[in-house]
2 protein chains.
Amino acid sequence: MLSIGDLSKRTGVKVPTIRYYEQMGLIEAAERSEGNQRRYERHDLERLAFIRHARDLGLDIPAIRELIALSQHPDLPCVNADRIAADHLIAVREKIEKLKKLEHELERIISHCDGHSIEDCYVIRALSDHGLCEGEH
Amino acid sequence: MLSIGDLSKRTGVKVPTIRYYEQMGLIEAAERSEGNQRRYERHDLERLAFIRHARDLGLDIPAIRELIALSQHPDLPCVNADRIAADHLIAVREKIEKLKKLEHELERIISHCDGHSIEDCYVIRALSDHGLCEGEH
DNA sequence: CTTGAAGCTCTAGTCACTGGAGGAATTATC
DNA sequence: GATAATTCCTCCAGTGACTAGAGCTTCAAG
């Protein structure tokens, strides 16, 4: 039986976050000690590692909730789990594209600035005047 | 003189967001009509376009506040403005790197899944078992 | 048996908005 | 000039995924 602190150390998930996940219904309400403290078992450790891993991949809580529900029906086809992952991959790629555009624009703005006075600062001027931008954003 | 709705249409910034920026001190409190409605001038249009542009580049409100303050001292050297942009560029690049790692991991997980049953689903298995990951994340 | 760490609940704060309620002002139509 | 439709006002609450703090209780070590 693990305390919430033990569970936290083993999974790298902070104590308040574990309680938050319980509140959100991602992990079942733990058994309690006589003094009302949460007590966990291996089962909970695995569940929490699963959640942690999914969060690290950037999945949001509703998606994780769905994956957990799916994982409890081993006989079903896994198209839904695949779809969650594939949708997320698309979202990740879109974010990358947006950030790359920002990267280029920032590089361009910075490289154009001669670093003298605010009056001539390309950073400030570029922000003031959208016409100085390269692409649309 | 523009109403808040006119300003919104011209800049693409939503009405409640304009009021929010006023509250945050990014734009000055507007003059009011007899009936207490906000009235704006060209000056405000430019300021709001500046803010919008900076937000599109992903700068946060404190950074924008600083840029606005700087832009009002044309004689100062612009190293601080450059630093804000450069710091932001670094942050953007870091985000891109993280997302690329996620992209690869998701691609790998998805491609390994044969799409049959949850029991064998690589998506679910990869989440359950960190040992199946390629890199650290 | 004492002490200090770790646990409990509940509330509020983060960031940058966004939306709604309920009411007043403005604008358009007749 | 009356009325109707639209826009505006303020204030409050909600978003996502935590995080931090107050004030109290329980646990484990010495």
Side-chain angles (χ1 to χ4, degrees), chain A residues 1-27 29-40 44 47-48 50-68 84 87-88 91-92 95 98 102 137, chain B residues 1-27 29-40 44 47-48 50-68 84 87-88 91-92 95 98-99 102:
Chain A
M1 300 292 263
L2 302 166
S3 71
I4 197 168
D6 297 333
L7 193 63
S8 171
K9 271 169 214 146
R10 295 243 213 150
T11 57
V13 179
K14 288 182 187 165
V15 169
T17 306
I18 297 173
R19 289 196 277 250
Y20 170 75
Y21 287 159
E22 180 184 312
Q23 218 187 323
M24 292 297 101
L26 292 189
I27 53 182
E31 288 175 55
R32 300 294 181 117
S33 71
E34 282 184 12
N36 197 36
Q37 299 193 354
R38 290 170 178 81
R39 292 291 175 258
Y40 297 95
D44 300 297
R47 166 71 64 88
L48 192 55
F50 181 103
I51 295 167
R52 167 93 215 253
H53 198 166
R55 286 291 303 131
D56 283 348
L57 285 172
L59 291 162
D60 62 16
I61 284 178
I64 296 173
R65 223 194 302 270
E66 202 174 336
L67 286 173
I68 289 170
I84 290 170
D87 285 353
H88 185 55
V92 167
K95 272 189 199 161
K98 271 195 191 170
L102 291 189
H137 51 180
Chain B
M1 301 292 263
L2 302 166
S3 71
I4 197 168
D6 296 333
L7 193 64
S8 171
K9 271 169 214 146
R10 295 243 214 149
T11 57
V13 178
K14 289 183 186 164
V15 169
T17 306
I18 297 173
R19 289 197 275 251
Y20 170 74
Y21 287 157
E22 180 184 312
Q23 217 186 324
M24 293 298 102
L26 293 189
I27 53 181
E31 289 175 53
R32 299 293 180 117
S33 71
E34 283 185 11
N36 196 36
Q37 299 193 356
R38 291 171 177 81
R39 292 291 175 258
Y40 297 94
D44 301 297
R47 166 70 65 88
L48 192 54
F50 181 103
I51 295 167
R52 167 92 215 253
H53 198 165
R55 285 291 304 133
D56 284 348
L57 285 173
L59 292 162
D60 63 15
I61 284 178
I64 296 173
R65 226 194 300 270
E66 201 174 336
L67 286 173
I68 289 171
I84 291 171
D87 286 353
H88 186 53
V92 166
K95 271 189 201 163
K98 271 195 190 168
L99 286 171
L102 291 189

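Model, not experiment: these values are computed from the prediction. Note on naming: letters A, B, ... go to the chains in the order of the sequence lines (proteins, then strands), and numbering restarts at 1 for each one.
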Undergrad: Roughly how far, to the nearest 0.5 Å, is CD1 of A:Ile4 from OG1 of A:Thr17?
TA: 9.5 Å
Undergrad: For residues 3-12 of chain B, pull every pair meeting side-chain hydrogen bond (donor to acceptor under 3.5 Å, both in side chains), keeping only residues two or more places apart or in separate chains.
TA: B:Ser3-B:Asp6
Undergrad: Of all of residues 4-24 of chain B, which get a heavy atom below 4.0 angstrom from DNA chain D, listed by number?
TA: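 Heavy-atom contacts with DNA chain D come from B:Ile4, B:Gly5, B:Arg19.
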Undergrad: Near DNA chain D, under 4.0 Å by heavy atom, which residues of residues 30-37 of chain B?
TA: B:Arg32, B:Asn36, B:Gln37
Undergrad: What distance separates B:Leu2 CG from B:Asp44 CG, expressed to the nearest 0.5 Å?
TA: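 It comes to 8.5 Å.
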Undergrad: Determine, step by step, whether A:Leu48 and A:Arg52 satisfy the side chain to side chain contact (heavy atoms under 4.5 Å, CB included) criterion, reporting the C-alpha distance in whole Å, the side-chain angles of both residues, the deciding distance to 0.1 Å, and the verdict.
TA: CA-CA 6 Å; A:Leu48 192 55; A:Arg52 167 93 215 253; 5.6 Å; no
Undergrad: Suppose we screen for salt bridge (charged side-chain N to carboxylate O under 4.0 Å, His left out). Which residues come up paired with A:Asp60, at least two apart in sequence or across chains?
TA: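 Salt bridge (charged side-chain N to carboxylate O under 4.0 Å, His left out) check on A:Asp60 returns nothing, list empty.
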Undergrad: Can you pull the contact range of chain A along DNA chain D, 5' to 3', using atoms under 4.0 angstrom from its heavy atoms?
TA: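 Reading along DNA chain D, I get D:dA17 to D:dC27.
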Undergrad: When rounded to the nearest 0.5 angstrom, what is the spacing between CZ in A:Arg55 and CD1 in A:Ile64?
TA: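 Answer rounded to 0.5 Å: 5.5 Å.
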Undergrad: Rounded to the nearest 0.5 Å, what separation is found between the CD atom of A:Glu34 and the CZ atom of A:Arg39?
TA: 10.5 Å
Undergrad: Provide the closest heavy-atom pair for A:Ile18 versus A:Ile27 in the form atom of the first, atom of the second, distance.
TA: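 Scanning both residues completely, I find the closest heavy atoms to be O-CD1, 3.6 Å.
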Undergrad: Using the heavy-atom set of chain A and a strict 4.0 Å cut-off, write down the first and last nucleotide of DNA chain C that makes it in, 5' to 3'.
TA: C:dG7 to C:dT9
Undergrad: Quick check for you: to the nearest 0.5 Å, what is the distance between A:Lys14 atom NZ and A:Tyr20 atom OH?
TA: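 One finds 14.5 Å between NZ of A:Lys14 and OH of A:Tyr20.
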Undergrad: Could you tell me whether a side-chain N or O of B:Arg65 sits under 3.5 Å from a main-chain N or O of B:Met24, the two making a donor and an acceptor?
TA: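 Judged by distance alone, yes, a pair lies under 3.5 Å.
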Undergrad: To the nearest 0.5 Å, what is the distance between CZ (B:Arg38) and CD (B:Glu31)?
TA: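 Going from CZ on B:Arg38 over to CD on B:Glu31, the span is 13.0 Å.
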Undergrad: Which pair of non-hydrogen atoms, one from B:Tyr21 and one from B:Ile51, has the smallest distance, and what is that distance?
TA: CE1-CG2, 3.7 Å
